[in-house]
Novice: 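I have a structure here, written as structure tokens, and I will follow up with some questions on it.
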There are 2 protein chains.
Amino acid sequence: MGKPTVHDIAKEAGVSLATVDRVLNARPGVRDKTVERVQAAVQRLGYVRDTFAANLARQRQYRFAFVLPEGESQFVGTLKDALLEATEAQMAERVSVRVVPVPSYDPHSVVRALNALPVPLLDGVAIMTPETPQVRDAVARLKAAGVPVVALVSDLPNSGRDHFVGINNLSAGSTAGVLMGRFIGAAQGKVMVVTNSILARDSIERRLGFDAVMAESFPGLTVLPSIESRDDPERMVAVIRHAVTAHPDLAGVYSMGSGNRGLLQALRETGRIGDLTVIAHELTPLTRVALQEREIDAVITQNVGHLVRSALRVLRAKCDGVGIFEAQERIRIDIVIRENLP
Amino acid sequence: MGKPTVHDIAKEAGVSLATVDRVLNARPGVRDKTVERVQAAVQRLGYVRDTFAANLARQRQYRFAFVLPEGESQFVGTLKDALLEATEAQMAERVSVRVVPVPSYDPHSVVRALNALPVPLLDGVAIMTPETPQVRDAVARLKAAGVPVVALVSDLPNSGRDHFVGINNLSAGSTAGVLMGRFIGAAQGKVMVVTNSILARDSIERRLGFDAVMAESFPGLTVLPSIESRDDPERMVAVIRHAVTAHPDLAGVYSMGSGNRGLLQALRETGRIGDLTVIAHELTPLTRVALQEREIDAVITQNVGHLVRSALRVLRAKCDGVGIFEAQERIRIDIVIRENLP
DNA sequence: GGCATTCTGATTGACGTACCTCAGAAACCT
DNA sequence: AGGTTTCTGAGGTACGTCAATCAGAATGCC
């Protein structure tokens with residue numbers, strides 16, 4: 001026989017359909033004893049509500065907002081593409097998404113954008129932005145208004161967000177460290193670390209993980225202080241050129257952030273490309289080509305498709321007050337080399 | 001306004017609901033001209049059928065069978081667990097799955113099991129089994145009976161299977177090769193390759209990819225002929241012991257199949273563990289621990305959760321005659337080291 | 001016991017689709 | 001024109017749930 005329905009529950013509990021409905025939807029007007037009887041019946045029969053029938057009946061539409069940094073970052077670009085693709089594929093699943101671009105470098109406009117969200121018209125928000133106290137407060141306000149919030153890519157701990165969708169950046173840094181050490185192979189040498197901003201939470205965490213591994217497992221390799229590129233390719237070129245001459249025993253470069261265009265350009269200009277071990281983050285059209293051309297040795301990345309699908313699933317689950325399927329929502333740290341390029 | 005419904009289509013095309021229904025479900029009894037009018041209306045309004053409402057209405061139950069090798073393989077074990085977990089989570093999505101265990105080493109019983117499937121009670125089959133001409137024929141029979149078939153983990157080309165859910169084993173072998181070469185670091189040395197059966201399709205493909213990379217990128221490393229363990233730990237121990245003494249310059253071991261228990265035991269006994277670079281396939285409780293203990297340097301794997309979810313999605317799509325979302329169904333070759341263990 | 005209050009049952013109409021029947025319209029064939 | 005076949009329309013029931021109404025039962029209170 002098939003799955004139990006509300007009718008079966010009603011029969012089993014010896015109450016009417018209306019009462020079952022009231023219990024299931026936590027509506028008032030049912031005595032405690034009756035509530036228990038119904039819940040016992042639900043347990044016994046192993047009833048699970050048919051979410052689709054329910055959504056059909058209540059004409060549900062999940063309206064989500066994704067607050068993403070604007071700008072020319074290829075990573076955010078692929079993320080946005082994945083989001084559009086996923087929502088298109090899920091149109092049948094009654095999900096509509098709007099992307100809210102914010103200038104990420106300006107905490108004030110981020111907060112303004114968050115506060116300007118049309119809360120009563122929203123069922124959930126995904127946020128990818130650096131953590132500031134103001135952002136934390138804005139998230140808390142959203143939560144207080146009853147809107148589920150998930151942090152995307154970069155966590156917002158202590159903000160009361162419902163969930164974090166992204167990788168553990170400490171582990172990502174450690175992973176990069178091991179690959180760097182083993183790929184270099186030599187016992188001695190220097191490793192350069194570059195990033196967009198040394199203040200970004202993910203950069204800090206990656207650096208910590210990277211340093212820990214290098215210190216423990218590859219003591220012969222010296223890791224130089226992080227260098228900031230601040231999204232400026234020119235600056236990156238200058239910095240790399242200087243480093244290459246200043247450190248003749250430079251053996252590797254770890255790019256923690258997203259300024260890979262400038263990095264590659266600089267390496268090409270200095271003629272050290274293919275010679276240094278280069279490890280970068282995020283698989284984008286740029287890093288993909290660089291992997292194929294053997295200009296980058298490995299990319300540590302997170303699958304943007306998984307990211308957005310996970311965010312959507314989690315938001316939906318939070319809306320429905322349903323538990324999430326942990327194993328499916330754990331975003332993995334992908335190691336991509338030329339040979340396993342997806 | 002919301003998504004268009006069949007009612008909107010009927011109005012737009014100037015026909016009745018019944019006619020729209022006949023057209024949408026390819027039922028007979030509609031003139032060609034009318035069919036065109038309806039399809040034009042579908043195009044114009046951008047109608048997409050609400051699959052869930054449809055399934056609700058037709059009381060659809062997707063009944064799938066998974067034909068999996070029986071035996072004590074940990075990989076198959078985790079796969080089965082993932083399958084149960086996924087179907088439990090998807091119970092609300094009207095899928096029921098039964099696992100059909102077959103003795104994989106016996107092609108005859110595989111074929112017998114395939115032919116014994118209760119075809120009229122099945123909506124789709126996923127098969128994980130070595131490829132033989134008889135299996136190909138059995139798959140063709142299933143297809144002929146109108147049952148969608150997907151190959152799982154190990155492809156069945158030329159069998160007419162609808163889809164292959166799994167990784168490209170040639171690339172997986174190449175990936176292992178690059179990691180092996182770079183992890184070893186030394187210019188000279190020997191590499192041993194072990195597998196369960198040198199006849200399995202996946203082993204053959206992995207070996208090809210591995211050899212290609214080693215020959216091209218690490219000419220100083222000598223790859224020894226594949227050694228078969230035939231699921232026998234004793235045999236594995238003997239083989240490894242012999243290899244270690246016969247090749248004092250042994251630098252690495254590549255385990256292509258699933259006999260990792262014997263391999264690890266043998267390496268421990270010979271005292272060479274932690275000294276050799278070891279690369280294995282499939283993340284299981286066993287390899288997970290070995291990674292943590294630094295007994296294995298890297299594991300090439302495929303996420304069993306993705307595998308089964310993908311198989312289920314593809315089967316459902318085939319049942320519904322709907323296209324699949326390619327990007328989501330591409331199974332990635334995961335590289336797992338100690339630091340990015342999920 | 002009478003009354004107000006709180007629970008409960010029975011019923012109904014959505015939601016978007018599938019599938020069925022039956023009658024009647026339109027087209028085809030001689 | 002007549003009869004036959006092929007199309008089409010109208011309408012119904014069902015699926016599992018939500019939401020609402022209204023009448024009636026049970027309970028509490030004095």
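When reading the values below, keep in mind they use all heavy atoms of this one structure, side chains included, and skip hydrogens, waters and symmetry mates. Letters go in sequence order (proteins before strands), and every chain restarts at 1.
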Novice: Using a heavy-atom distance cut-off of less than 4.0 Å, which residues of residues 11-26 of chain A contact DNA chain C?
Specialist: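 A/Gly14, A/Val15, A/Ser16, A/Ala18, A/Thr19, A/Arg22 - these, ordered by number, are the residues of the stretch whose heavy atoms sit under 4.0 Å from the strand.
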Novice: Check for a donor-acceptor pair, side chain of B/Arg37 on one end and backbone N or O of B/Ala13 on the other, with a separation under 3.5 Å.
Specialist: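 Here the side-chain-to-backbone pair exists.
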Novice: I need the full list of side-chain hydrogen bond (donor to acceptor under 3.5 Å, both in side chains) pairs touching residues 146-165 of chain B, with sequence neighbours left out, sorted by first then second residue.
Specialist: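 Non-adjacent pairs meeting side-chain hydrogen bond (donor to acceptor under 3.5 Å, both in side chains): B/Lys143-B/Asp162, B/Asp155-B/Arg161.
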Novice: Does A/Arg136 have any salt bridge (charged side-chain N to carboxylate O under 4.0 Å, His left out) partners at least two apart in sequence or in another chain, and if so, which?
Specialist: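 Here the qualifying residues are A/Glu131.
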Novice: What residues, two or more places apart in sequence or in another chain, satisfy side-chain hydrogen bond (donor to acceptor under 3.5 Å, both in side chains) together with B/Arg112?
Specialist: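 With sequence neighbours excluded, B/Arg112 shows a side-chain hydrogen bond (donor to acceptor under 3.5 Å, both in side chains) to no residue whatsoever.
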Novice: Relative to each other, are the rings of B/His306 and A/His306 parallel, tilted or perpendicular (30° and 60° limits)?
Specialist: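 Perpendicular, since the angle between the ring planes exceeds 60°.
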Novice: Within the 4.5 Å heavy-atom criterion, are B/Val76 and B/Met128 side-chain neighbours or not?
Specialist: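 They are in side-chain contact.
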Novice: Could you list all the side-chain hydrogen bond (donor to acceptor under 3.5 Å, both in side chains) pairs where at least one residue sits in residues 16-33 of chain A, not counting sequence neighbours?
Specialist: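 Sorted result for residues 16-33 of chain A: A/Ser16-A/Thr19, A/Asp21-A/Asn25, A/Asp21-A/Arg27, A/Asn25-A/Arg49.
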Novice: Send over the distance from A/His7 NE2 to D/dC18 P, rounded to a whole Å.
Specialist: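 Those two atoms, NE2 and P, are 12 Å apart.
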Novice: Report yes if at least one side-chain N or O of B/Arg58 is closer than 4.0 Å to OP1 or OP2 of D/dA14; otherwise report no.
Specialist: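 It does not, given that no N or O in the side chain of B/Arg58 lies less than 4.0 Å from OP1 or OP2 of D/dA14.
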Novice: Roughly how many Å is it from CZ in A/Arg49 to C1' in D/dC15, rounded to a whole number?
Specialist: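 After rounding, the reported distance stands at 17 Å.
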Novice: Please report the distance, rounded to the nearest Å, between CG in A/Asp50 and P in D/dA14.
Specialist: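 That distance rounds to 18 Å.
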Novice: Residues two or more places apart in sequence or in another chain: which of them pass side-chain hydrogen bond (donor to acceptor under 3.5 Å, both in side chains) with B/Glu36?
Specialist: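 None.
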Novice: Output the rounded distance in Å from CZ (B/Arg27) to P (D/dT6).
Specialist: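 Between P of D/dT6 and CZ of B/Arg27: 19 Å.
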Novice: Please name all residues satisfying side-chain contact (heavy atoms from CB on, under 4.5 Å) with B/Asn168, sequence neighbours left out, ordered by chain then number.
Specialist: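 In terms of side-chain contact (heavy atoms from CB on, under 4.5 Å), with neighbours along the sequence ignored, B/Asn168 is linked to B/Leu170, B/Ser171.
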Novice: Using five base pairs at each end, measure the axis-to-axis angle across the helix from C/dG1-D/dC30 to C/dC28-D/dG3 and round it to 10 degrees.
Specialist: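 Angle reported: 30°, given to the nearest ten degrees.
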Novice: Reading DNA chain C from 5' to 3', where do the contacts with chain B start and stop? Cut-off is 4.0 Å to heavy atoms.
Specialist: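 Using the under 4.0 Å cut-off, the span is C/dG16 to C/dA27.
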Novice: I need the CD1-P distance between A/Ile9 and D/dC18, as an integer number of Å.
Specialist: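 The answer, rounded to whole Å, is 12 Å.
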Novice: Does B/Asn303 have any side-chain hydrogen bond (donor to acceptor under 3.5 Å, both in side chains) partners at least two apart in sequence or in another chain, and if so, which?
Specialist: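 With neighbours one apart ignored, the set is empty.
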Novice: Please report, rounded to the nearest Å, how far the C1' atom of D/dG16 is from the CZ atom of B/Arg60.
Specialist: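 About 18 Å, once rounded to whole Å.
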Novice: Please confirm whether the backbone N or O of A/Asp123 pairs with a side-chain atom of A/Arg63, one donor and one acceptor, at under 3.5 Å?
Specialist: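 It does not hold such a pair.
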Novice: Give, ordered by number, those residues of residues 29-36 of chain B having at least one heavy-atom distance below 4.0 Å to an atom of DNA chain D; if nothing qualifies, reply none.
Specialist: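 Within residues 29-36 of chain B, the residues near DNA chain D are B/Gly29, B/Val30, B/Arg31, B/Thr34.
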Novice: With side chains defined as the heavy atoms from C-beta onward, is the minimum distance between B/Leu156 and B/Phe164 less than 4.5 Å?
Specialist: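 Result no, sub-4.5 Å side-chain heavy-atom pair not found.
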Novice: With A/Glu329, which residues qualify under side-chain hydrogen bond (donor to acceptor under 3.5 Å, both in side chains), at least two apart?
Specialist: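 Residues passing side-chain hydrogen bond (donor to acceptor under 3.5 Å, both in side chains) with A/Glu329: A/Ser310, A/Arg313.
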